[in-house]
Amino acid sequence: MSGASTFPSPPSRAEAEAAAWIARLQSDSCSEAVHAGLRAWLDADEGNREAFERATEVWELIPGAALMAEADPPFNAVQHGNDVRSAAERRPSRPRSVALLAACLVLFVSALVLIGQANRPQTFSVPVGEQRVATLDDGTRVSLNTGSDLSVDYREDVREVQLKGEAFFEVQHESDRPFVVIAGDERIVALGTSFVVRHLADSVSVTLIEGSVAISSTENGKHKPIVLDPGQRWSVSAAAPPRVDAPALAAATAWREGKTVFDDTTLAEATAEMNRYGGAQITLSDPGLASLRVSGAFNTREPVAFAHAVAALHGLQAVREGENVELRRDRNAAGM
């Protein structure tokens, strides 16, 4: 899945360079020029300073690192077949020892970076006007609609995701680890289920395609928990209490095919939905137009075509205003 996403990754260039600087500082050839180069490297970027501080902490954590760099091995005779050589003749030079320690440091830093990133929640972001599909670690598939953000936090006892925007979930069943979606103040628990969650501004809706979901509020007593049956949609907003209806399921998932379906929808709601997908933005010149009704299926990537269709339906004018389009009353139309 593209967009802003975080996954465990190799250590950054700054972290590798920080380890190399520590190796130079420990070397016999360390000079004022090395110190001057280090100062210049640290001043070049705040990220360099942070990487050097982390690498220094790791160097100090390696047991006996400094002593290993300084100490000489014992001068013992060791026999190899018919050849007898001293340990001093066989031991690597100090610069080689320091280089080996530096390599260990790089590996250690790498491990810490990978472990730290692996413990962070995965995040996905989808730009306005695009849709993406992601397969999570457990095999659950998530289709994300325009302008959506998803944070994934899988733990031993629960698989939890937080959603802003709209997503279609196809959840892999795990009896000992429920799948939970947090959308605003709502908590949706699913087992082996496919469903759509829509979290926009101050409203949340859940449409169940198949299986079962339980919905409750993260705020105690805000509303009663409810379990949906396939085909039902539960919705709530700041302006309206929870309600359950049964929309056409094809309409609830039409966005996955680049479509949006309106069924006796107010023009205000329809234009707001079309505007979510980017491109030309549709405005209404007269607040009185907001209550007009719209029905039909429209391409989310063609807002201008939508505006012209609405204008033809209601005897309006669709007037281009730069890159956008405004719906106006046609003063010359009969009855207007």
Side-chain angles (χ1 to χ4, degrees), residues 1-9 117-184 186-200 203-216 226-235 246-261 273 276-278 297 299-301:
M1 174 173 178
S2 64
S5 57
T6 60
F7 297 95
S9 58
Q117 290 186 347
N119 288 333
R120 298 175 191 165
Q122 265 186 329
T123 59
F124 303 103
S125 292
V126 178
V128 171
E130 297 185 21
Q131 289 91 31
R132 294 288 185 269
V133 178
T135 300
L136 306 185
D137 292 343
D138 63 338
T140 292
R141 283 171 55 84
V142 183
S143 301
L144 287 164
N145 200 5
T146 177
S148 296
D149 295 298
L150 185 74
S151 175
V152 182
D153 187 10
Y154 277 13
R155 302 188 292 275
E156 290 185 2
D157 58 341
V158 66
R159 297 169 290 164
E160 184 176 284
V161 302
Q162 295 196 30
L163 173 70
K164 291 183 179 180
E166 188 170 21
F168 176 73
F169 296 92
E170 298 170 277
V171 178
Q172 286 292 321
H173 176 69
E174 289 187 15
S175 58
D176 59 343
R177 206 165 54 137
F179 188 91
V180 179
V181 180
I182 303 297
E186 308 307 326
R187 186 174 189 268
I188 303 106
V189 182
L191 293 173
T193 307
S194 60
F195 59 102
V196 177
V197 178
R198 181 180 170 105
H199 174 207
L200 302 179
S203 67
V204 176
S205 68
V206 181
T207 304
L208 181 61
I209 308 301
E210 64 179 32
S212 179
V213 295
I215 305 168
S216 60
I226 185 173
V227 177
L228 294 185
D229 294 326
Q232 290 184 323
R233 175 177 62 189
W234 178 93
S235 57
L249 295 184
T253 59
W255 57 265
R256 300 177 66 198
E257 299 177 358
K259 306 288 185 181
T260 185
V261 178
E273 180 66 15
R276 287 181 59 211
Y277 293 88
N299 191 320
T300 57
R301 297 182 181 275

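Note that the structure is predicted; figures quoted are calculated from it, not measured.
- Between Val189 and Pro178, the shortest heavy-atom contact is CG1-CB, 4.1 Å.
- A pairwise comparison of heavy atoms in Ala190 and Val171 identifies CB-CG2, 4.5 Å as the closest pair.
- Leu208 and Pro230 get closest at one heavy-atom pair: CD2-N, 3.4 Å.
- Here the closest heavy-atom approach between residue Thr207 and residue Pro247 is recorded as CG2-CG, 4.4 Å.
- Between Phe195 and Phe179, the two ring planes are perpendicular [angle over 60°; tilted spans 30° to 60°].
- In the model, Tyr154 has no side-chain atom that pairs as donor or acceptor with a side-chain atom of Asp137 under 3.5 Å.
- In terms of modelled atom types and a separation under 3.5 Å, the side chain of Ser148 and the main chain of Val126 share no donor-acceptor contact.
- The line from CG of Leu200 to NZ of Lys164 is 12.0 Å long, rounded to the nearest 0.5 Å.
- Heavy atoms only, all atoms of each residue included: Glu166 and Ala252 are closest at OE2-O, 4.4 Å.
- A donor-acceptor distance shorter than 3.5 angstrom exists from the side chain of Thr146 to the backbone of Arg276, with no hydrogens or angles considered.
- The backbone N or O of Ser212 sits less than 3.5 Å from a side-chain atom of Thr193, completing a donor-acceptor pair.
- Between the CD1 atom of Ile182 and the CD1 atom of Ile188 there is a distance of 7.0 Å, given to the nearest 0.5 Å.
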Q: Kindly determine whether Phe124 and Leu136 satisfy side chain to side chain contact (heavy atoms under 4.5 Å, CB included), including the steps that lead there.
A: CA-CA 11 Å; Phe124 303 103; Leu136 306 185; 3.8 Å; yes

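- Here the CD atom belonging to Glu257 is positioned 11.0 Å from the CG atom belonging to Asn299, to the nearest 0.5 angstrom.
- A distance of 5.5 Å separates OG1 in Thr300 from CD in Gln131, rounded to the nearest 0.5 Å.
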Q. Would Val213 and Phe169 satisfy side chain to side chain contact (heavy atoms under 4.5 Å, CB included), going step by step from the backbone distance to the final call?
A. CA-CA 12 Å; Val213 295; Phe169 296 92; over 6 Å; no

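- Minimum heavy-atom separation, Trp255 to Ser143: CH2-O, 3.3 Å.
- Listed for the Ser194 side chain is no donor-acceptor partner under 3.5 Å among the backbone atoms of Glu170.
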Q: Assess whether side chain to side chain contact (heavy atoms under 4.5 Å, CB included) is satisfied between Leu163 and Leu144, documenting all intermediate values.
A: CA-CA 10 Å; Leu163 173 70; Leu144 287 164; 4.0 Å; yes

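- Remark: side-chain polar atoms of Ser125 are not paired, donor with acceptor, to backbone N or O of Asp149 under 3.5 angstrom.
- For Arg159 (side chain) and Val152 (main-chain N/O), no donor-acceptor pair under 3.5 Å exists by modelled atom type.
- Separation of atoms OG1 (Thr253) and CG (Asn145) is listed at 11.0 Å; rounding is to 0.5 Å.
- Counting only distance, with no hydrogens or angles, the side chain of Gln232 and the backbone of Asp229 share a donor-acceptor pair below 3.5 Å.
- In terms of modelled atom types and a separation under 3.5 Å, the side chain of Ser151 and the main chain of Thr123 share no donor-acceptor contact.
- Note: Thr140 OG1 to Asp138 CG = 3.5 Å, rounded to the nearest 0.5 Å.
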